[in-house]
There are 2 protein chains.
Amino acid sequence: MSRMIKEALETIRDLEEIGVVTKQTLRDFEVQAVPAPTYTADAIRHLREQLHVSQAVFAAYLNASVSTVQKWENGEKKPSGAALRLLSVIERKGLEVLVA
Amino acid sequence: MSRMIKEALETIRDLEEIGVVTKQTLRDFEVQAVPAPTYTADAIRHLREQLHVSQAVFAAYLNASVSTVQKWENGEKKPSGAALRLLSVIERKGLEVLVA
DNA sequence: CCGTATTATAGCACTAAGTGCAATAGACGA
DNA sequence: TCGTCTATTGCACTTAGTGCTATAATACGG
């Protein structure tokens, strides 16, 4: 089994030499396949309205301030990387996974 | 059923007058029952090591930079509210929920 | 019909999170 | 021994995150 992993790593390193992939560990390879989430201001608002929650409640779930959610939805500030990831989790799994 | 909800809201409003709770809608009440996650620098590091991933891979999952993860673990910076929530999700659900 | 609570917006000012880059160093395998 | 991965440290910069206040529209109960 560890032989298979080593061979897989070699394959990835070969691909890296050609320039197909940039990172090298197997785990990196997995992660790289996952696109970074992006959300426009409207997308965030639609996501929240789809969940039927107010800005205040949404903020509580996110563990963020109301002010922050407002600025996201009005395009004044953009969510940080981790916040974007959290939004993508909510979109796919719902609000329950955050608290349960 | 909607009578029960109304009564629950009345109860919450009563409690609010006394100062036990500050918010008022039923949804707010639910969310308020969920404690805000807190993580020390060591706790974050232990969480990551428990998952057997490097800082780089962990950062990729979080959709954050390596520099950010390092500063969390070295106590130079603290994760934002949304980042804390994301960490709690990872701790309870694993890394897979972030990407699958 | 009036008062109250909820919801969301807008503006302001401040703190601190997030990022990038470069240099350094230990571990490990080819 | 060379190259790579790993992590640390320090620096400088950008901007996300937060709090507060005032304002306005809506909805609901007395």
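A note on names: the letters A, B, ... follow the listed sequences, proteins ahead of strands, and every chain is numbered from 1. Please read all numbers here as calculations on a predicted model, not as lab measurements.
- Arg48(A) has a side-chain polar atom (N or O) that falls below the 4.0 Å cut-off from OP1 or OP2 of dA8(C).
- The cluster map of Ile, Leu, Val, Met, Phe, Trp and Tyr, joined by side-chain heavy atoms under 4.5 Å apart, puts Tyr39(B) and Ile90(B) in the same cluster.
- For the pair Leu84(A) CG and dA17(C) P, the computed distance is 18 Å after rounding to whole Å.
- In terms of hydrophobic clustering, with Ile, Leu, Val, Met, Phe, Trp and Tyr side chains grouped at heavy-atom distances under 4.5 Å, Trp72(B) and Val66(B) are assigned to different clusters.
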Task: Steps toward side chain to side chain contact (heavy atoms under 4.5 Å, CB included) verdict (Arg45(A), Gln55(A)) - done: CA-CA 9 Å; Arg45(A) 166 164 283 134; Gln55(A) 292 178 339; 4.0 Å; yes
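- Under the 4.5 Å side-chain criterion, counting only non-hydrogen atoms from C-beta, Val53(A) is in contact with Leu95(A).
- Here the side chain of Arg48(A) pairs no donor or acceptor atom with the backbone of Val57(A) at under 3.5 angstrom.
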- [ ] Treat primed atoms plus P, OP1 and OP2 as sugar-phosphate and everything else as base, then score nucleotides 9-24 of chain D 5' to 3': B for base contact with protein heavy atoms under 4.0 Å, S for sugar-phosphate contact only, - for none.
- [x] BBB----BBBB-----
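- When the side-chain nitrogen and oxygen atoms of Arg45(A) are compared with OP1 and OP2 of dT7(C), none of them lie within a distance under 4.0 Å.
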